[in-house]
Amino acid sequence: MARKMGSHAEITGPRIHSAALGLFARHGYAAVSMRQIASEVGVQAGAIYQYTSDKQSLLFGLMDGHMDALLAAWSAVPVRPDPMARLRDFCEFHIRYHLDRPEAVFIAYMELRNLTPENFKVIEEKRRRYEASLTEILSAGVEREDFNLTDIHLTAMGIIAMLTGINTWFREDGRLDRRRVERIYWRLVRRMVTAG
């Protein structure tokens, strides 16, 4: 819906998305009302519809934006020809990118069930594109006989789940810093693809 003349869409629109992100991550999509989002931003409940058509549009916008940014950031990582080096790049990239965006990551994985079928299809396609980049790395490693895998797709899903799972327990003030976590997880992934 078009904004009204004189409104501050360039300020209020992003504030609405930021408020929705925080509220969805803390309370869950189903538990959050548009009135709560409006209150968080400091606008009247009815005014929020000048910036978004409904709550579903907000959820989809957050998830779609997250996936677009993820794909763009990964595509900017220089491609190294060696599959083992490329796999390490993927692991380090995934950990760093996701640890920097805990709320967006939580919503991207936990709120898929709340998307409409049409919106789910869009997000799922983008997730598959990201997953396919890892599958391609693993396939190249198997072809060169650097990796010993019985099921490339299953291994890719296992690696992504393991790396994304860091967000559930990592704390900046915890026992391990980010770099140490990256090194440990890289050793785990390297063993996964070479052990057979």
Side-chain angles (χ1 to χ4, degrees), residues 14 17-18 21 24-25 59-113 115 118-172 174-196:
H17 280 84
S18 178
L21 178 70
F24 292 165
L59 178 64
F60 175 70
L62 291 170
M63 295 175 79
D64 195 45
H66 171 73
M67 289 308 305
D68 284 345
L70 174 65
L71 289 165
W74 171 241
S75 69
V77 175
V79 178
R80 296 201 275 174
D82 175 49
M84 189 67 79
R86 185 67 170 155
L87 179 59
R88 182 168 191 165
D89 290 343
F90 181 91
C91 292
E92 291 178 353
F93 165 82
H94 189 95
I95 292 170
R96 291 172 190 172
Y97 191 90
H98 286 69
L99 284 181
D100 284 343
R101 299 158 180 84
E103 291 181 328
V105 171
F106 179 82
I107 290 169
Y109 282 86
M110 299 307 294
E111 297 296 353
L112 279 169
R113 66 189 181 278
L115 289 173
E118 298 79 15
N119 288 341
F120 178 86
K121 186 176 179 181
V122 172
I123 300 302
E124 187 67 7
E125 188 276 329
K126 292 180 181 182
R127 285 168 60 105
R128 285 192 181 128
R129 279 171 48 200
Y130 182 67
E131 293 161 0
S133 64
L134 176 56
T135 301
E136 289 166 11
I137 295 168
L138 296 177
S139 297
V142 168
E143 188 174 327
R144 285 181 36 157
E145 299 184 354
D146 294 338
F147 302 160
N148 184 13
L149 305 175
T150 54
D151 190 311
I152 291 171
H153 180 73
L154 186 61
T155 303
M157 296 303 95
I159 289 171
I160 288 175
M162 183 175 76
L163 298 179
T164 305
I166 295 171
N167 276 58
T168 63
W169 61 263
F170 179 79
R171 298 294 175 266
E172 294 291 352
R175 182 174 61 87
L176 301 171
D177 64 23
R178 288 180 177 219
R179 193 66 192 125
R180 181 78 175 137
V181 169
E182 283 178 26
R183 287 195 296 268
I184 292 170
Y185 269 72
W186 165 240
R187 286 199 295 269
L188 291 171
V189 170
R190 187 174 57 199
R191 288 174 191 155
M192 282 175 68
V193 300
T194 58

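These numbers come from the heavy atoms of this one structure, side chains and all, not from hydrogens, waters or symmetry mates. None of these values were measured; they are calculated from a predicted model.
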Backbone of [Y] reached by a side-chain donor or acceptor of [X] within 3.5 Å:
{"X": "Y185", "Y": "C91", "answer": "no"}
{"X": "R86", "Y": "P78", "answer": "yes"}
{"X": "T194", "Y": "R190", "answer": "yes"}

Which value, rounded to the nearest 0.5 Å, describes the distance between [X] atom [atom1] and [Y] atom [atom2]?
{"X": "F147", "Y": "I137", "atom1": "CZ", "atom2": "CD1", "answer": "8.0 Å"}
{"X": "H17", "Y": "L59", "atom1": "NE2", "atom2": "CG", "answer": "10.0 Å"}
{"X": "D151", "Y": "T155", "atom1": "CG", "atom2": "OG1", "answer": "6.0 Å"}

**OP:** Could you give me the CA-CA distance, side-chain angles and deciding distance for M63 and F120, then say whether side chain to side chain contact (heavy atoms under 4.5 Å, CB included) is met?
**Re:** CA-CA 10 Å; M63 295 175 79; F120 178 86; over 6 Å; no
Original post:
Should we say atom CD of E125 is surrounded by more than 12 heavy atoms from elsewhere, each under 6.0 Å from it?
Top reply: yes
Subject >> Residue R175 excluded, over 12 heavy atoms near CZ under 6.0 Å >> reply: no
Subject >> Side-chain ion pair, E92 and R183, N-O less than 4.0 Å >> reply: no
Subject >> Electrostatic pair E182:R179 at N-O distance under 4.0 angstrom >> reply: yes
Original post:
Yes or no on side chain to side chain contact (heavy atoms under 4.5 Å, CB included) for V189 and R88, after CA distance, side-chain angles and deciding distance?
Top reply: CA-CA 9 Å; V189 170; R88 182 168 191 165; over 6 Å; no
**OP:** Begin with the C-alpha distance, continue with both residues' side-chain angles, and end with the deciding distance and a verdict on salt bridge (charged side-chain N to carboxylate O under 4.0 Å, His left out) for E124 and R127.
**Re:** CA-CA 5 Å; E124 187 67 7; R127 285 168 60 105; 3.8 Å; yes
Original post:
Hey, are the side chains of D64 and N119 touching, using non-hydrogen atoms and a 4.5 Å cut-off?
Top reply: no
**OP:** Determine the interplanar angle of the H98 and Y109 rings, folded into 0 to 90°, and report it as parallel if under 30°, tilted if 30 to 60°, perpendicular if over 60°.
**Re:** tilted
Subject >> Stepwise side chain to side chain contact (heavy atoms under 4.5 Å, CB included) test for M162 and L188 >> reply: CA-CA 10 Å; M162 183 175 76; L188 291 171; 4.2 Å; yes
Original post:
Do the ring centers of H94 and Y130 come within less than 6.0 Å of each other?
Top reply: yes
**OP:** Walk me through it: do E118 and K121 pass the test side chain to side chain contact (heavy atoms under 4.5 Å, CB included)?
**Re:** CA-CA 5 Å; E118 298 79 15; K121 186 176 179 181; 5.9 Å; no
